[in-house]
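Model, not experiment: these values are computed from the prediction.
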Amino acid sequence: MMEQATTSSRYILEVAGMTKHFNVGGSFGKSRKVVQAVSDVSFRIREGTTLGIVGESGCGKSTTARLIMGLIGMDCGDLLFNDRAIGRSAREMKAFRRQVQMVFQDSSASLNPRMTIEASIMFGPMVHGEDRAEARRNAHHLLERVGLDPARFAGRYPHELSGGQRQRVNIARALALKPKVVIFDESVSALDKSVEAQVLNLLIDLKREMNLTYIFISHDLNVVRYISDHVMVMYLGKVVEHGPSEALFANPAHPYTRALLASMPSLDPEKRTLSAPIAGDPPSPIDPPQACRFHPRCALARPSCLAINPALFDAGPEHVAACHRSDPKSPYWTEGEAQ
Amino acid sequence: MSAFTAREPLLSVRDLTVGFKTDRGPITALDRISFDLGRGEVLGLIGESGSGKSVTMRALLRILPQKRTTISGSILMEGRDVLALKRRELASYRGNDVAMIFQEPSLAFDPVFTVGRQIAETVVRHKQCSWDAAYARALEMLELVRIPSAKSRLDNYPHEMSGGMRQRAMIALALACSPKLLLADEPTTALDATVQIQVILLLRELQKELGMATIFVTHDVGVAAEISDRVAVMYAGRIVEMGSAADVLKSPAHPYARGLLSSTIHGAMAGERVEAIPGMPPDLANMPSGCAFSPRCAMAMPECRNVIPAPASVGAGRSAACIRVGSVAA
């Protein structure tokens with residue numbers, strides 16, 4: 001079933017060449033600097049599948065989500081939804097935002113503390129022209145669907161709920177507009193493990209029932225592997241690898257993906273990690289390294305990695321990675337190896 | 001020195017109970033927890049938010065706010081009664097005997113002094129040596145935690161370091177006076193994955209090298225598996241299961257420990273359904289009667305609501321606080 005969805009359905013969302021740089025500094029006589037938050041990111045998502053985005057802080061995963069939502073404007077790049085380019089006009093944007101919704105990490109900061117949760121859920125549909133009675137009926141239905149009894153919870157305020165309950169409200173609110181795509185930005189990261197498991201189960205059920213497409217951003221590789229059909233790995237604003245979840249976890253093609261996977265703590269005290277896969281911290285996206293941005297931390301790096309930007313190569317069906325040293329067809333593949 | 005012998009545990013905690021006065025009435029944040037810790041041993045404390053992990057650490061270091069806290073029970077460090085320490089003894093106990101590292105190193109350092117000066121200050125304070133000797137010790141410590149070009153890093157302010165390096169510097173600060181016990185409160189939680197494993201491995205090495213006992217608080221079962229000799233699972237202010245890391249993490253006995261492990265997502269689960277524990281952790285101001293886990297427990301029987309189960313032995317060096325544990329394990 002899941003297999004069919006990944007291979008046969010059409011692409012619902014396409015992103016091509018998306019780039020966003022932020023200017024920082026420039027005050028008090030300091031020189032201006034550029035944060036290259038997202039650089040030339042392209043991907044497509046099939047309808048009804050889940051794309052997981054992983055990477056460390058500063059890799060651009062949250063900026064990617066905000067760019068898709070139009071919360072910040074892109075410097076350049078294209079966004080296609082159902083094969084139609086989404087422009088910048090207010091009307092197009094409003095129609096698009098009905099279709100794409102987002103759930104954030106901080107469950108309390110994303111709810112208005114002075115609105116009951118029922119009112120929070122009704123707010124979006126009413127802005128889009130639904131009448132009050134209809135919106136309330138839908139809100140109650142959604143509350144029930146996310147596991148909160150409307151009779152008990154509809155009139156409560158956010159501070160009267162636990163973190164897990166608040167995140168369920170945020171999910172209900174995101175679904176109130178009947179979107180096609182939902183973006184989860186670290187939405188389960190702040191929850192306790194036992195509650196996280198409940199919310200993940202809920203997300204999987206909702207997706208199946210409503211034929212939703214998910215973009216799931218997380219730093220927790222186990223959770224991403226669990227929920228995603230495809231996974232995209234980002235490093236300092238660039239996509240370094242993108243492929244079907246199982247293939248990527250079983251045969252990571254990029255040295256950074258391999259390091260990231262090897263950094264996951266073992267769950268078995270008798271099989272502990274013996275050495276750290278890479279040294280150092282991820283560098284700042286302000287003035288990132290030239291060419292391959294991973295080269296300063298990469299054990300395989302050769303002169304060409306410092307000079308020539310690696311393009312994505314085919315590492316398997318629907319599986320791409322950006323590394324000279326992992327691509328047998330690259331002219332730089334064996335550069336510097338002992339003869 | 002007291003009549004302390006090497007055979008005895010370094011730290012012995014008995015019936016430690018911590019209550020807080022809150023706006024919503026008194027709550028019991030820690031309820032009669034007992035454990036021993038040997039020299040050079042690593043105890044992992046795992047549990048969810050509000051389970052009492054951090055309160056345990058703060059009680060051991062005696063940094064809970066005095067006015068709003070009531071503490072009972074006993075904490076013996078090398079036979080010394082920690083709860084009875086007076087001001088000057090306490091100042092020496094913190095730092096010389098016990099040191100703590102926190103989740104957020106940027107909050108543990110003072111932003112207006114250099115890292116080197118803050119480490120040196122601790123050494124001067126506790127070892128009564130000269131500032132020159134203290135700076136030399138600070139340099140030695142930064143090298144020990146493998147901060148690259150340590151010498152120039154002495155003059156860095158905390159904000160000039162990356163997150164991983166700041167965490168290393170905090171470890172250097174904590175270890176500068178060679179404590180016998182290190183309290184580590186989620187020290188790797190805020191770090192990126194590739195940095196987290198480096199810091200875990202560093203702590204594991206230093207702990208062995210220096211023969212230092214460690215209590216490591218984490219909500220991450222994987223992190224606990226990487227570093228702990230023994231593991232204690234906490235729930236609602238009580239220790240519900242304790243034993244060797246391999247026993248507890250591979251074949252948990254208490255229903256909560258089982259639930260926690262089966263709801264922890266791991267690699268092999270793609271496509272399966274997670275076995276989540278229903279409901280949520282109890283409100284400490286409104287605790288259920290009897291076993292605190294009974295409202296969420298699939299194995300609960302009526303008498304679980306009547307008595308708070310005491311930890312009972314369930315095998316060599318293993319205990320669980322559950323009246324059904326015999327039948328559960330079967």
Can you tell which part of [X] gets under 4.5 Å to a heavy atom of chain A, answering side chain, backbone, both or neither?
{"X": "B/Arg204", "value": "side chain"}
{"X": "B/Pro148", "value": "neither"}
{"X": "B/Ile277", "value": "both"}
{"X": "B/Leu261", "value": "neither"}

Side chain, backbone, both or neither of [X] within contact of chain B (heavy atoms, under 4.5 Å):
{"X": "A/Gln198", "answer": "both"}
{"X": "A/Leu200", "answer": "side chain"}
{"X": "A/Ser266", "answer": "both"}

TODO: Between chain A and each of B/Ser49, B/Ala225, B/Gly50, B/Gly222, count heavy-atom pairs under 4.5 Å; write down the option with the most.
DONE: B/Ala225
Minimum heavy-atom separation for [X] to [Y], with atom names?
{"X": "A/Arg272", "Y": "B/Ser228", "answer": "NH2-O, 2.6 Å"}
{"X": "B/Thr194", "Y": "A/Ile278", "answer": "CG2-CD1, 3.7 Å"}
{"X": "B/Leu201", "Y": "A/Ala276", "answer": "CD1-N, 3.1 Å"}
{"X": "A/Ser263", "Y": "B/Ala193", "answer": "CB-O, 3.6 Å"}
{"X": "A/Pro282", "Y": "B/Val195", "answer": "CD-CG2, 3.8 Å"}

- [ ] Could you have a look at A/Gly280, A/Gly164, A/Gly163 and say which one has the most heavy-atom pairs with chain B under 4.5 angstrom?
- [x] A/Gly280
Open item on the list: Regarding A/Asp281 and B/Arg168, does a basic nitrogen lie under 4.0 Å from an acidic carboxylate oxygen?
Closed with: no
Open item on the list: Measuring from atom OG1 of A/Thr273 to atom CD1 of B/Ile227, what distance do you get when rounded to the nearest 0.5 angstrom?
Closed with: 11.5 Å
Task: Reported CG-to-NE2 distance for the pair B/Leu191 and A/His219, which is rounded to 0.5 angstrom - done: 10.5 Å
Open item on the list: Tell me whether B/Glu104 at atom CD has more than 12 heavy atoms from other residues, nucleotides or ligands lying less than 6.0 Å away.
Closed with: yes
Task: B/Glu275 atom CD, neighbour heavy-atom count above 12 within 6.0 Å - done: no
TODO: Determine the sole option in A/Leu221, A/Val224, A/Asn222 for which the side chain to side chain contact (heavy atoms under 4.5 Å, CB included) test with B/Ile265 is passed.
DONE: A/Asn222
Open item on the list: Checking side chain to side chain contact (heavy atoms under 4.5 Å, CB included) between A/Pro265 and each of B/Val223, B/Val221, B/Thr218, which is the one that passes?
Closed with: B/Val223
Open item on the list: With no hydrogens and no angle check, just 3.5 Å: does a side-chain donor-acceptor pair link B/Ser263 and A/Glu196?
Closed with: no
Task: Pair A/Ser194-B/Glu48, side-chain donor/acceptor within less than 3.5 Å - done: yes
- [ ] I would like to know whether B/Leu260 and A/Lys193 meet side chain to side chain contact (heavy atoms under 4.5 Å, CB included); could you show each step before the answer?
- [x] CA-CA 7 Å; B/Leu260 184 67; A/Lys193 286 289 161 197; 4.0 Å; yes
Spell out, as yes or no, whether a donor-acceptor pair under 3.5 Å connects the side chain of [X] to the backbone of [Y].
{"X": "A/Glu270", "Y": "B/Ala246", "answer": "no"}
{"X": "A/Asn201", "Y": "B/Arg273", "answer": "no"}
{"X": "B/Asp192", "Y": "A/Glu56", "answer": "no"}

- [ ] Could you check if a side-chain atom of B/Lys250 sits within less than 4.5 angstrom of a side-chain atom of A/Asp268, using non-hydrogen atoms only?
- [x] yes
TODO: Using heavy atoms and a sub-4.5 Å threshold, report which of residues 244-253 of chain A line up against chain B, by residue number.
DONE: A/Glu246
